[in-house]
Amino acid sequence: MEPAVKYRLIHQDKHSGARLGELITPHGTFPTPMFMPVGTQASVKTMAPEELDTMGATVILANTYHLWLRPGPELIEEAGGLHRFMNWQKGILTDSGGFQVFSLADTRHITEDGVTFKNHLNGAKMFLSPEKAIAIENALGPDIMMSLDECPPFFESYDYVKKSVARTSRWAERGLKAHKNPDWQALFGIVQGAGFRDLREQSAKDLVSMDFPGYSIGGLSVGESKEEMNHVLDFTTPLLPQDKPRYLMGVGSADALIDGALRGIDMFDCVLPTRIARNGTCMTSRGRLVIKNAKYAHDFGPLDPNCDCYACRNYSRAYIRHLIHVGEAFGIRLTTYHNLYFLLHLMQQVREAIANDDLLAFREDFFEAYGYNKAKAKNF
RNA sequence: GGAGGAGUAGCGAAGAGGCUAAACGCGGCGGACUGUAAAUCCGCUCCUUCGGGUUCAUAGGUUCGAAUCCUAUCUCCUCCA
């Protein structure tokens with residue numbers, strides 16, 4: 001049987017591990033490396049699907065845990081699946097709730113069977129197992145589903161991470177077994193292992209032997225340095241099959257996207273652009289710009305002079321600062337649009353650079369302008 | 001004209017002799033944010049050469065000690081004429 005999602009390698013950068021490719025899904029074929037905006041509760045906060053499409057988004061995320069709580073998988077199934085429910089006709093990927101095992105750490109209990117949570121809405125006890133996660137994801141109907149994993153803290157002890165990785169592998173196998181729609185939904189496995197090379201190797205080996213249609217790398221960007229993260233990618237990515245997509249979970253700063261692509265990552269997702277947008281910070285070609293700062297009160301130029309997005313073409317820093325200042329929803333819609341466009345456009349530039357075997361040079365130029373080679377990003 | 005009430009930091013508002021440079025909220029300023037419990041959270045917000053210096057309408061007074069008690073003055077609000 002053909003997997004629901006396939007990867008086609010188009011070109012590999014001559015000077016790095018970067019790959020130009022295509023992710024072939026039931027809802028379209030999309031170029032990689034790609035950045036996927038996060039829409040936890042079946043909505044990329046403040047953005048209409050039409051806007052996401054216009055800015056160039058191809059795959060977006062939703063979250064199993066949150067949709068399980070509300071409105072419930074039955075309702076989404078009744079609506080005809082997530083695509084119809086939220087009116088998004090391109091790709092959808094659902095996270096398994098594995099990250100919530102990490103982020104709700106103080107109210108959960110992990111056993112071999114699964115995870116007992118106290119849900120964050122009313123404290124009710126809930127139980128999520130690999131099978132349960134798959135059942136929910138089967139009902140939600142995304143193109144790509146993630147298997148339930150445990151995302152241990154980066155600086156957790158070796159012994160703990162070793163046990164955790166082994167359990168995540170067993171959970172992956174159980175998920176694969178429970179999966180009812182492999183012909184139209186792809187289940188990805190998640191490589192864990194924190195910063196331990198042999199554990200990452202073991203994790204990758206376990207999962208590759210199960211032959212998933214795609215692999216993700218989890219447990220990064222959780223407090224470790226960029227050097228540590230890149231180091232883990234350096235030895236982990238080569239362990240994954242060339243003919244399958246590789247997805248680095250939860251990474252979304254511009255520099256990390258480039259550094260990830262350089263190491264052969266094809267997919268990224270992150271709440272960073274949308275979250276910081278709502279909190280008044282914009283990503284620009286010259287580093288982060290805190291638009292709510294007083295110094296932009298009289299600045300009638302665009303957020304980023306080098307950007308041609310809807311927000312930058314039509315609205316000034318002074319206006320956007322004003323909107324955010326007074327709490328108008330339109331303000332955070334503009335910053336959200338801009339930040340997502342910025343990363344989506346960045347990935348397009350990365351793809352072009354790979355096609356030209358030029359990603360290393362692109363990285364140099366980008367980092368120079370971004371201020372990443374300096375001690376601090378420079379604003380302008 | 002008579003009777004009550006009130007004046008506290010940019011604003012609102014606690015405080016009713018020492019633990020008060022003065023709670024709390026708003027506003028202002030700055031920071032954080034990476035598989036979203038986040039349009040959230042955290043700092044700072046009288047002056048300072050960081051030793052200290054000036055504050056609670058104003059001016060006196062009582063007290064070891066006053067935003068807090070007393071006296072006068074000014075301003076504002078309510079009710080009655």
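All figures in this text were calculated on a predicted structure; none of them were measured in a lab. Hydrogens, waters and symmetry mates are skipped; everything else that's a heavy atom, side chains included, is used. Protein chains get the first letters and strands the later ones, always in sequence-line order, with residue 1 at the start of each.
- Salt bridge absent: Lys6(A) and Glu22(A) never bring a charged side-chain N and a carboxylate O closer than 4.0 Å.
- Look at the C1' atom in both C44(B) and A9(B): the space between them is 15 Å, to the nearest Å.
- Base-pair partner of C79(B): G2(B) (Watson-Crick or G-U wobble, both distances under 3.5 Å).
- The aromatic ring centroids of Tyr370(A) and Phe367(A) lie 6.0 Å or more from each other.
- Closest to the side chain of Lys45(A), out of G28(B), G35(B), A39(B), is A39(B).
- Comparing U40(B), U34(B), C29(B) against the side chain of Lys292(A) picks out U40(B) as the nearest.
- Remark: the separation of the P atoms in C70(B) and G5(B) is 12 Å, to the nearest Å.
- Each of U34(B), G35(B), A39(B) was ranked by its minimum atom distance to the side chain of Ser96(A); first place goes to G35(B).
- For a distance-only test at 3.5 Å, the side chain of Arg278(A) fails to qualify as a donor-acceptor partner of the base of A38(B).
- Rounded to whole Å, atom P of A32(B) lies 13 Å from atom CG of Leu289(A).
- Atom CZ in Arg275(A) sits roughly 11 Å away from atom C1' in A32(B) (whole-Å rounding).
- If you take atom C1' in C24(B) and the same atom in C76(B), they sit 25 Å apart, rounded to whole Å.
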>> Quick one, Tyr65(A) with Asp95(A), criterion side-chain hydrogen bond (donor to acceptor under 3.5 Å, both in side chains). Give me CA distance, side-chain angles, the key distance, then yes/no.
In response: CA-CA 8 Å; Tyr65(A) 167 73; Asp95(A) 186 29; over 6 Å; no
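- In this structure, the OH atom of Tyr296(A) is 14 Å from the P atom of C29(B), given to the nearest Å.
- Of the candidates G28(B), U34(B), A37(B), the closest approach to any side-chain atom of His325(A) belongs to G28(B).
- Side-chain N/O atoms of Asn293(A) include one lying less than 4.0 angstrom from OP1 or OP2 on G30(B).
- Note on Asp234(A) versus Arg263(A): salt bridge recorded, some NZ/NE/NH1/NH2 to OD/OE distance being below 4.0 Å.
- When each of Ala294(A) and Ala329(A) is assigned the nucleotide of RNA chain B with its nearest heavy atom, Ala294(A) is the one assigned upstream, toward the 5' end.
- Counting any heavy atom pair closer than 4.0 Å across all strands shown, Glu328(A) reaches no nucleic acid atom.
- When the C1' atom of U34(B) is taken as reference, atom CG of Leu233(A) falls 14 Å away, rounded to whole Å.
- Lys118(A) comes within contact range of no nucleotide atom at all, as no heavy-atom separation falls under 4.0 Å.
- Using N1 to N3 plus N6-O4 or O6-N4 for Watson-Crick, or N1-O2 and O6-N3 for G-U wobble, each under 3.5 Å, A37(B) pairs with nothing.
- With a 3.5 Å ceiling on both atom-pair distances, U68(B) lacks any Watson-Crick or G-U wobble partner.
- Atom C1' of A21(B) sits at a distance of 15 Å from the matching atom of C50(B), rounded to the whole Å.
- Contact annotation for Gln41(A): no contact, since no heavy-atom pair falls under 4.0 Å across all strands.
- We find that CD1 of Ile276(A) is positioned 14 Å from C1' of A39(B), with the value rounded to whole Å.
- Glu51(A) contributes a side-chain N or O that, together with a main-chain N or O of Ala48(A), makes up a donor-acceptor pair within less than 3.5 Å.
- Protein atom CD1 of Ile190(A) is 13 Å distant from nucleotide atom P of G35(B), rounded to whole Å.
- Taking the six-membered ring for Trp and thresholds of 30 and 60 degrees, Tyr319(A) and Tyr315(A) have nearly parallel ring planes, at less than 30 degrees apart.
- Side-chain nitrogen and oxygen atoms of Thr40(A) include at least one within less than 4.0 Å of the OP1 or OP2 phosphate oxygen of U36(B).
- U73(B) is paired with A57(B) under the Watson-Crick or G-U wobble criterion, all donor-acceptor distances under 3.5 Å.
- In G51(B) the base sits syn relative to the sugar, since the glycosidic angle is no further than 90° from 0.
- The distance from atom CE of Met283(A) to atom P of C33(B) is 11 Å, rounded to the nearest whole Å.
- Between His345(A) and His338(A), the ring centre distance reaches or exceeds 6.0 Å.
- Using C1' as the reference atom, G10(B) and C46(B) are 11 Å apart when rounded to the nearest Å.
- Using atom P as the reference point in both G1(B) and U68(B), the two lie 30 Å apart (nearest Å).
- At the heavy-atom level, Asp269(A) lies under 4.0 Å from the strands shown only through sugar-phosphate atoms.
- Counting non-hydrogen atoms under 4.0 angstrom, Gly97(A) reaches nothing in the nucleic acid.
- The separation between Asn63(A) atom CG and A37(B) atom P is 7 Å, rounded to whole Å.
- Nearer the 5' end of RNA chain B, as judged by each residue's closest nucleotide, is the contact made by Val251(A), out of Gly327(A) and Val251(A).
- Across the P atoms, G27(B) and A72(B) are found 42 Å apart, a figure rounded to whole Å.
- The residues Glu131(A) and Lys177(A) are annotated as not salt-bridged, no charged nitrogen and carboxylate oxygen being separated by less than 4.0 angstrom.
- Between Gln100(A) and G35(B), a side-chain N or O to OP1/OP2 separation shorter than 4.0 Å is absent.
- For Thr274(A) against U36(B), a side-chain N or O and a base N or O form a donor-acceptor pair under 3.5 Å.
- Taking the six-membered ring for Trp and the full ring otherwise, the centers of Phe268(A) and Phe35(A) sit at least 6.0 Å from each other.
- Among the nucleotides G35(B), A37(B), G31(B), the one closest to any side-chain atom of Met249(A) is G35(B).
- The side chain of Leu104(A) has A37(B) as its nearest neighbour among G35(B), A38(B), A37(B).
- Here Ile332(A) lies in heavy-atom contact (under 4.0 Å) with a base.
- Within 4.0 Å of Thr46(A), counting heavy atoms only, lies no atom of the nucleic acid at all.
- Pairing partner, G27(B): U45(B), with both Watson-Crick or wobble hydrogen-bond distances short of 3.5 Å.
- For the C1' atoms, the distance from G17(B) to C56(B) is 15 Å, rounded to whole Å.
- The side chain of Arg321(A) has C29(B) as its nearest neighbour among C29(B), G35(B), A39(B).
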